[in-house]
Undergrad: 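Sharing a structure here in structure tokens format.
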Amino acid sequence: MPVPPHARGYASFGGSAGRTSAESTPDWTYPPTASAGAPNIVVVLVDDMGYSDIGPFGSEIETPTLDRLAAQGVRLSNYHTTPLCSPSRAALLTGINSHRAGFGFVANADPGYPGLRLELADDVLTLPEILRGNGYATYAVGKWHLVRDATMNPSAHRDSWPTQRGFDRYYGSLEGLNSFYYPNQLVSDSSVVDVEEYPEGYYLTDDLTDRALSYIKDLRAHDAEKPFFLYFAHVAMHGPLQAKPEDQAKYRGRYDRGWDELRRRRFAEQLAQGLFPPGTEQKPRNTEPGYEAAEWDSLSADERRRYAKYMEVYAGMVDSIDQSLGRIVDLLEDLGELDNTIIVFTSDNGGTAEGGPEGTRSYFAEFAHVDDPDWVGDVPHDEDLIGTAKLGVHYPRGWGQASNTPFRFYKGQTFAGGVRVPLVVSWPKGLPRNGTDSGIRHEYAYVTDLAPTLLDLAGLNRPSVRNGLPAKDFDGVSAAELLRDQAAPTRHTEQYSEMTGHRGFYRDGWKLLSLHDSDADIDAPDWQLFDVRADPTELHDLSEQYPDKAAELAAAWDESAWANTVFPLLTRADLFRRRPEEARFAAPVRLLPGTPTLERYRSQRLIAYRDFTITADLTGVRQPAAATAGDPGAARDTAAPDGAEPAGFQLGDEGVLVAHGDPLGGYLLYIEDGEVVLGVNSYGRYASVGVPLPVGTREITVRATVEPRLRWDFTIQVDGTPLAELTDQVQLVGMAPWTGISVGVDARGPVSWDLRERRGPFRYTGALRAITYTPGPIQVPQRTIDAVEREAEYAAE
């Protein structure tokens, strides 16, 4: 019997439907399936690791897993990326130039222009979306940093979160960096992991690796054939530098000869490996103001000893990354799938100068010193704490230059030190090496080439539509032919770059570069011209010798800038502009007990550059425990009558009322041993004040008042009466406090080490109604805020 016309629900049904099953034919729809033998794909992206930091690119650091993959795979010696992390991640995952993808800067600003949207747009397809549409399982672990910080909280839309951009599962940090011992916030899929206390021995890289392995094992337990895409985006090597003790110990004493000698040894190894042609010159030490690295032998013995410790920590972190990759390779071997897995290993940009000339005790403090370089007494400091959970350090920039051997400058600049990074590709089944293949490719390649290359290798096409919109075309090109044939020419023949006024343009072996001086006109580049075929380290400026070529490339840069929405060029103050509706983050808020730890950016807006008040609303602190020893229930149910004199101050109620921050900076208010205590951690330096607390107290208030030189004065009031002060405390600005606000507990990283060691997270045992934050107006001149934020937010890169 035919289906009646009004039965519209059957219009797309491929079978037939009668009145009963006897008169009907079933039909099923199936999700996309990958072709038989489709390769797994693993992309390992490291953060802020320079060109020379792994064995296959000249390093002395122990990287046996990468050595093995490089020996059987391909190294691209002339691979380029963007100067900063969010732009590189957007370009890698979309195949689209970073500005055109909306990421002309890191996701810690919101100036309101197309090239600085700082979230992925609806017409931007991602590699995991394409792979999932072709039958792949898709997993991401680690750093995301493709979500504006204002949209990392649970009330915000999630359009640019990993699971909304093609990943089946995600575990990691949406932020641009994190603590390796006490992450401020971890996300599983699309929900925050509500962690109160991390287990003993916790280390973030190990946690991420465990989760990646569990995803693969879980898939194989349910489906033996389905290929997977794993995007492992390490938080390392981004500051703060923290390494496990055993990994630090492996490198004890190895860097005592300093960064000048390290650069010489690494460059010699690079030449021996054939990464550069004979006659290539290494860049002498950077001497440009603001970028300079001291001569190692000019340092004092104390400085050399302390500086070497930083590099021991850094090396231990690189070693840990290789161990992580080794665990993934071991699992693939156990599954019999290593030969048919494409593994890509690379970095998002070059090594960094963020630690300054001397290194920093506090990664956040270094980016907030404004006009007072000793405002928190940053260095020197206890060497034994370098690399531990108790400090958030970063190395002196001399080690950053060593990381970028043999190139000029650092992360953030468009010169090779900022953008030329290692790339290793291994796929034994699909990219076998013959006896005459060196495994090294010297042709130019760019980060946007990775997505089209991986799709080409897997034999997949890119859709032309996303969510009903025409999808932006790839800017990158496939480098599959280059990987297969060492004689193949590059298909990527020209490329613009731009970051905070630094510019670059590559075409057919010529490179035009400009280093932007922050005090200069942002639209007046001081161009330098290099023939990078003969001068790969960009040492010999040919702009005066070939003015026509310089003018040609300058015009090409301008044309590309318009085509890729690079304009307008923004000064730092304009770059960090925020949309007006974010003012709501600074409105008073009442937080109830049991509220999960607030997100970092939302929490920080309540106190940044402001006077603020914190009010703890209590039902009345209970009778002293000593006065009710014979009746334990009395301490729970009885408050001292109004006007009564308490018998003592050992309270039945105790614990943390509110905490904001962690070892890298913060403050907390707690009750212990009959006292209410305010503790302030100024980027790792702790001060506190405590006063006896009357029984029956119903309200405890902390008032913070802004003072000159970015200081706060704190006052504790009990039921309206001022009882104690803690003055001249360094303001926590920029991205600090790192961990958000917790009510009734000091969750995640401890603000006070002593308190955590004695009492753990120290949950409050009494009846706490709420914690109320009342922010006052901003009390710091705008010029100071601009100066602080442009440096502090830069730390997220």
Undergrad: For Val751, is there any backbone N or O sitting under 3.5 Å from a side-chain donor or acceptor partner on Asn681?
TA: yes
Undergrad: If I compare all heavy atoms of Thr597 with all of Ser742, which pair ends up nearest, and what's the gap?
TA: OG1-OG, 2.9 Å
Undergrad: Determine, for Arg165 against Glu129, whether the closest basic-nitrogen to carboxylate-oxygen distance falls under 4.0 angstrom.
TA: yes
Undergrad: Is the Phe612 to Trp712 ring centre distance short of 6.0 Å?
TA: yes
Undergrad: Of the non-hydrogen atoms in Leu118 and Asp110, which two are nearest, and what is the gap between them?
TA: CD1-N, 4.2 Å
Undergrad: Quick one: CG on Leu186 to CG on Asn184, what's the gap to the nearest 0.5 Å?
TA: 8.0 Å
Undergrad: Ignoring hydrogens and angles, tell me if any N or O in the side chain of Thr94 forms a donor-acceptor pair with the backbone of Ala90 under 3.5 Å.
TA: yes
Undergrad: Scan side-chain atoms only and decide if Ser497 and Thr414 contain a donor-acceptor pair under the 3.5 Å cut-off.
TA: no
Undergrad: Under 4.5 Å between any side-chain heavy atoms of His516 and Thr500, yes or no?
TA: no
Undergrad: Is any side-chain heavy atom of Phe103 less than 4.5 Å from a side-chain heavy atom of Ser86?
TA: yes
Undergrad: Between Asp348 and Asp48, is there a side-chain heavy-atom distance shorter than 4.5 Å?
TA: yes
Undergrad: Examine the side chains of Arg100 and Thr565 and answer whether a donor and an acceptor come within less than 3.5 Å of each other.
TA: no
Undergrad: In Å and rounded to the nearest 0.5 Å, what is the CG to CG distance from Leu125 to Asp473?
TA: 10.0 Å
Undergrad: Any side-chain donor-acceptor pair under 3.5 Å between His80 and Gln495?
TA: no
Undergrad: Going by side chain to side chain contact (heavy atoms under 4.5 Å, CB included), name the residues that satisfy it together with Asp713, two or more places apart in sequence or in a different chain.
TA: Glu707, Thr727
Undergrad: Taking Phe415's backbone N and O only, do any of them form a donor-acceptor pair with Gln413's side chain (distance below 3.5 Å, no angle check)?
TA: no
Undergrad: Treating Asp189 as the side-chain partner and Tyr170 as the backbone partner, does any N or O pair qualify as donor plus acceptor under 3.5 Å?
TA: yes
Undergrad: Could you tell me whether the side chain of Met735 reaches within less than 4.5 Å of the side chain of Tyr363, counting heavy atoms only?
TA: no
Undergrad: Short question: side chain of Arg610, backbone of Gly776 - any donor-acceptor pair under 3.5 Å?
TA: yes
Undergrad: Considering all heavy atoms of both residues, which atom of Ala554 and which atom of Leu512 are nearest to each other, and what is their separation?
TA: N-CD2, 3.3 Å
Undergrad: Where do Gly504 and Trp527 come nearest, in terms of heavy atoms and distance?
TA: N-CZ3, 4.4 Å
Undergrad: Can you find a pair of side-chain heavy atoms, one from Gln528 and one from Glu538, that are under 4.5 Å apart?
TA: no
Undergrad: Could you go through the side chain to side chain donor-acceptor pair (under 3.5 Å) check for Thr82 and Ser98 one step at a time?
TA: CA-CA 8 Å; Thr82 84; Ser98 57; 5.4 Å; no
Undergrad: Answer with yes or no after comparing the ring centroid distance for His502 and Phe409 against a 6.0 Å cut-off, counting only values under it.
TA: no
Undergrad: Given Thr126 and Phe167, is the side-chain contact (heavy atoms from CB on, under 4.5 Å) satisfied, shown in steps?
TA: CA-CA 10 Å; Thr126 66; Phe167 286 107; over 6 Å; no
Undergrad: Out of curiosity, Ser160 OG to Leu120 CG, how far, rounded to the nearest 0.5 Å?
TA: 4.0 Å
Undergrad: When you measure from the side chain of Ser603 to the backbone N and O of Ile741, does any donor-acceptor pair fall under 3.5 Å?
TA: yes
Undergrad: Donor-acceptor pair, Asn286 side chain versus Ala293 backbone, under 3.5 Å?
TA: no
Undergrad: Between the side chains of Asn467 and Asp122, does any donor sit under 3.5 Å from an acceptor?
TA: no
Undergrad: Let's go through Tyr231 and Leu127 carefully: what are the C-alpha distance in whole Å and the side-chain angles of both, what is the deciding distance for side-chain contact (heavy atoms from CB on, under 4.5 Å) to 0.1 Å, and is it a yes or a no?
TA: CA-CA 10 Å; Tyr231 173 61; Leu127 179 60; over 6 Å; no
Undergrad: Any side-chain heavy atom of Tyr773 sitting closer than 4.5 Å to one from Val658?
TA: yes
Undergrad: Okay, side chain of Arg158, backbone of Ser190: is any donor-acceptor separation there less than 3.5 Å?
TA: yes
Undergrad: Looking at Leu664 and Ser362, what are the two nearest heavy atoms and their distance?
TA: O-OG, 4.5 Å
Undergrad: Less than 4.0 Å between a side-chain N and a carboxylate O, is that true for Arg578 and Asp149?
TA: yes
Undergrad: Less than 4.5 Å apart, any side-chain heavy atom of Trp738 and any of Leu177?
TA: yes
Undergrad: Just by distance, no angles: are the side chains of His145 and Asn108 close enough, under 3.5 Å, to form a donor-acceptor pair?
TA: yes
Undergrad: Keeping Glu559 on the side-chain end and Trp557 on the backbone end, is there a donor-acceptor pair under 3.5 Å?
TA: no
Undergrad: Relative to each other, are the rings of Trp562 and Phe567 parallel, tilted or perpendicular (30° and 60° limits)?
TA: tilted
Undergrad: May I have the step-by-step check of side chain to side chain donor-acceptor pair (under 3.5 Å) for His238 and Glu175, ending in yes or no?
TA: CA-CA 11 Å; His238 203 293; Glu175 293 268 19; over 6 Å; no
Undergrad: Which heavy atom in Ser403 sits nearest to a heavy atom in Tyr395, and how many Å separate them?
TA: CB-OH, 4.3 Å
Undergrad: Look up atom CG in Leu553 and atom CG in Asp558, then write down how far apart they are to the nearest 0.5 Å.
TA: 12.5 Å
Undergrad: Is there a donor-acceptor pair under 3.5 Å between the side chain of Asn97 and the backbone N or O of His99?
TA: no
Undergrad: For the side-chain contact (heavy atoms from CB on, under 4.5 Å) test, which of Leu669, Ile771, Thr701 pairs with Ile614?
TA: Ile771
Undergrad: Is it the case that Ser173 and Asn178 place a side-chain donor and acceptor less than 3.5 Å from each other?
TA: yes
Undergrad: What distance do Glu354 atom CD and Thr360 atom OG1 have between them, rounded to the nearest 0.5 Å?
TA: 10.5 Å
Undergrad: Between Tyr113 and Phe105, does the ring centroid distance fall short of 6.0 Å?
TA: no
Undergrad: Between Arg605 and Glu582, is there a salt bridge with N-O shorter than 4.0 Å?
TA: no
Undergrad: Side-chain contact, heavy-atom cut-off 4.5 Å: Tyr314 with Trp399?
TA: no
